[in-house]
Amino acid sequence: DISNPNGVYVIAAGNYNAPCTSGSFGSCNILAVDFVLDDKLGDQTIIAGATGTVNGTKSKASYSNSAGVTKDRYLMASGDTGYVKENGSAIQGTSFAAPRIAGAAALLKSKFPNLTGEHLSDILLLTADKDINDDGTDDFSGVSSTYGHGELDLSSAMSPVGKMYSY
């Protein structure tokens, strides 16, 4: 029912290394911003940023748009595919991070079928790993304009503390 959508909508953040600020929508994915601001879809939306290796350290991928104005609904996952083009450049992007997050939502739904799209999205966002570079220390606290909620942590999402209710 289009008047009452219920799902998890994962949208790639974009590959222009754009900040996506309220003053600069030029290179950010405007569809992502539209979904986040929509009163019916916003709470069910996740914007997929990408992690990658920058100078030998895992971080936000150099091509991935930052969270910016979508930070409250922004989650990162690996944007690497493991494949390389004939010219030697890697095949990567936020479009490869998005299905990882969508797959995590599907796995979470299969374990907790009573949860709504909003609940599933919130669980994935709230259980995100804030230690992006895996050095044992969180890289930020709260919600970041660069990293949003952080990196997808399926293990934490699938292992809730307390009881899971659908209201």
Short N-O contact, K58 and E151, less than 4.0 angstrom:
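Yes, charged N to carboxylate O under 4.0 Å.
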Would M76 and L152 count as a side chain to side chain contact (heavy atoms under 4.5 Å, CB included) here? Give the steps.
CA-CA 6 Å; M76 297 189 307; L152 174 67; over 6 Å; no
What is the minimum heavy-atom distance between [X] and [Y], and which atoms define it?
X	Y	value
Y147	A67	C-CB, 4.3 Å
Q44	S121	O-OG, 3.1 Å
A98	V10	O-CG1, 3.5 Å
T146	Y74	O-CE2, 3.8 Å
N15	T94	OD1-N, 2.9 Å

Less than 4.5 Å apart, any side-chain heavy atom of V36 and any of D34?
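Side chain of V36 against side chain of D34, heavy atoms only: no contact under 4.5 Å found.
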Kindly say whether [Y] contributes a backbone atom to a donor-acceptor pair with the side chain of [X] at under 3.5 angstrom?
X	Y	value
R73	T45	yes
S78	D80	yes
K130	G142	yes
D138	S141	no
D139	I132	yes

Identify whether L120 and I101 are in the same connected component of the hydrophobic contact network (ILVMFWY, side-chain heavy atoms under 4.5 Å).
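Yes; tracing contacts between hydrophobic side chains, which count when under 4.5 Å, links both residues.
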Taking a hydrophobic cluster as the set of Ile, Leu, Val, Met, Phe, Trp and Tyr residues connected by side-chain heavy atoms closer than 4.5 Å, whether directly or through intermediates, do I11 and I46 fall within one such cluster?
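No, I11 does not connect to I46 through the hydrophobic network.
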Test item: side-chain donor near acceptor, N87 and S89, under 3.5 Å:
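Judged by distance alone, the side chains do pair up.
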